[in-house]
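As structure tokens, the structure follows; a few thoughts come after it.
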2 protein chains.
Amino acid sequence: MDVETGGRMRSPTIRDVAQAANVSTNTVSRALNNKPDVSPETRRRVLAAAKELNYSPNNLARSLISKKTGTLGVVVTDNANPFYARIIKGIEDVGRRHGYSIILCNTDEDSEREEEAIRLLQQKRVDGILITPVQKDFRYLEVLRNYQSPFVLLNRHPKNEMVDYVINDNAYGARLAIGRLISVGRRKIAYICGPSTISSVQERLEGCFAAMEAGGLSPKSLHVERTNLKMEDGFEAMQKLLENDRPDGVFAYSDILAIGAMKSILEANLRIPEDIALIGYDDIEFASMLEVPLTTVRQPRYRIGEKAANMLINKLNNKNGTEVESVVLRPELILRKSA
Amino acid sequence: MDVETGGRMRSPTIRDVAQAANVSTNTVSRALNNKPDVSPETRRRVLAAAKELNYSPNNLARSLISKKTGTLGVVVTDNANPFYARIIKGIEDVGRRHGYSIILCNTDEDSEREEEAIRLLQQKRVDGILITPVQKDFRYLEVLRNYQSPFVLLNRHPKNEMVDYVINDNAYGARLAIGRLISVGRRKIAYICGPSTISSVQERLEGCFAAMEAGGLSPKSLHVERTNLKMEDGFEAMQKLLENDRPDGVFAYSDILAIGAMKSILEANLRIPEDIALIGYDDIEFASMLEVPLTTVRQPRYRIGEKAANMLINKLNNKNGTEVESVVLRPELILRKSA
DNA sequence: CTGTTAGCGCTTTCAC
DNA sequence: GTGAAAGCGCTAACAG
């Protein structure tokens, strides 16, 4: 309900409630915040007045004083990517339980937008930030650090920097994948992946090399096909691979890329896994429902979100002092039909 | 960069900048906001000082005065559902272009949480709200209306109420689906759907009836299988249908339900579409990549988000006065293998 | 128990 | 052009 003042409507403030209840604003504040030192009778009157006026406290004013907004910034490359969508869900659940809401920003893998997003969140004075960095450059780290509030990195992290992050063991995951391809007799193996600046891309690459070595194949023989991270990129990358020196085993950096690759393989009238064995990464919801159910390396996506949110909230409460924490979750190979 | 005051660090305020530049806070404000009446030299000094101190304006204080937060609330049932994920993306894109960020809230189809979310957004003084109502009751409407700011409903809307909303033509979409099932010779048709309180569920049901009639089948013969909206619900609903009086054509309220149903059908060693033709709704990204590529009714998900965000922002700018606007987008049938 | 005063960081009059 | 003063809505510190 709004309050009328000379014809203009405005939402009721604590002063309106105070007047209605015939007390000072201070008393209203204390009654509404369940502080002691308010007589039951007064409290009752205040509550009644607040309800009557449909009063809703203005968190902006509160935050200005408390220096806490109860808001976390979440920066990802694309909220519609099922991988991130699920992580966001984990963050939102944990956040809500602890009284935080989240402001969502997409970067679409664009460093400019990433920087804008961080600055914006900073201006809105979010209490902390959860971010999957674009990693085309390092500006984000500088901007984040100039900001006095805590942040936790998701999925990607800079080498040799002391920052909090939650990732999965990318090298291990890649070893599982390549190991599987080798164990089903594949010798001409390709890795379809994204830009080399992205830490998870590179860590998986190193895992690939290690697994090749361990499997008695020359790491040099691994065909690394670089592209971007959209489904179409996977499609095109696979087409290239089909055109020259077709592999018999393909490991894709993500399920999204794998799906693109799958499309390409099937369109070429080749069979999966008979002609080409295919393995993805992430285990998004639909991996099991695909035309060829996808063998993939599962990351605990929801838990990544949960864990990161919990870490951030602990930091906000100043648990564990200023100690830097990194969490590496273990992925697992999910065998289906594609490899 | 932070400012030190007796050992305690705090982020720099406009006063710190003013001191550093040897001007009043007022002048800083005007310089930073590109207002006229600031000499070039002063402006330069202010900007330099702000940069030096790494000053970031506090939007809370600004918003307290301007009564605008540059934030929109987005309330959906589940951000990880690909249907909503894509709508959110549309909202985020439009919002960002117009200077709005978004606070994301999930309800998980729970009216309590919906009410909490709206109240929270209200306290945070978001400029407007975009919401897919749970529609288990009507409290949300009351709460939204008590709030002085505009809102736009997504996908679902109450009957006989003057509110702004963006939906797709559910009855039309359902007619396309049922029409298709009939045209491929199906006579025993089932509709797997959610609770009857949800407007889109009922509108599609009415479309089903109309299409049955038009196709020469008794509307009464439509088997309506009510369930909830998760994939497992689709699975279980289909199992029930298989057990008693198996249909030869199934229309599912959503692709998610259709996927559950598909699993159930294939597990029973029945063929799609030979034994049972199956049609979904929404056309989520993966519908075309499923084990049996899904025939479905496509909704323009991204555009729903875009359109709703644009409507809301127009209202905020007080275009179109106070006129209530409802937008009904036209869905289309996408023929694939399942029907 | 309750009211008064001051101030969070900023913008907006209104003087000068 | 620039500064001083007031105030957005609220809470914290201090009186009484």
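By convention in this document, chain letters (A, B, ...) are assigned in the order of the sequence lines, proteins followed by strands, and residues within each chain are numbered from 1.
- Residue Ser63(A) is classed as having no contact, given no heavy-atom separation below 4.0 Å to the nucleic acid.
- For the pairing with Asn106(A), the side chain to side chain donor-acceptor pair (under 3.5 Å) check across Thr77(A), Asp78(A), Asn79(A), Asn81(A) returns one residue only, Asn79(A).
- Rounded to an integer number of Å, the gap from CG of Leu32(B) to C1' of dG9(C) is 13 Å.
- The environment of Lys136(B) atom NZ is dense: over 12 non-hydrogen atoms of other residues, nucleotides or ligands sit within 6.0 angstrom.
- Considering only side-chain N and O atoms, Ser39(B) lies nowhere under 4.0 angstrom from the phosphate OP1 or OP2 of dG1(D).
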Check your understanding: Using a cut-off of 4.0 Å between protein heavy atoms and nucleotide atoms, how would you tag nucleotides 7-16 of chain D 5' to 3' with B, S and -?
Key -> BBBBSBB---
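- With sequence neighbours excluded, the residues that form a ring pair (Phe, Tyr, Trp, His ring centres under 6.0 Å) with Tyr165(A) are His157(A).
- Distance CG (Asp37(B)) to C1' (dC14(C)): 13 Å, rounded to an integer number of Å.
- When side chains are defined from C-beta on, Leu312(B) does not count as touching Tyr100(B), because their heavy atoms never get closer than 4.5 Å.
- Residue Ser66(B) is out of contact with every strand shown, counting any heavy-atom pair closer than 4.0 Å.
- In the model, Asn155(A) has no side-chain atom that pairs as donor or acceptor with a side-chain atom of Ser200(A) under 3.5 Å.
- Following rounding to the nearest Å, Gln19(B) (CD) and dG9(C) (P) show an atom-to-atom distance of 13 Å.
- For the pair Asn34(B) CG and dG1(D) P, the computed distance is 15 Å after rounding to whole Å.
- With sequence neighbours left out, Gln135(A) forms a side chain to side chain donor-acceptor pair (under 3.5 Å) with Ser199(A).
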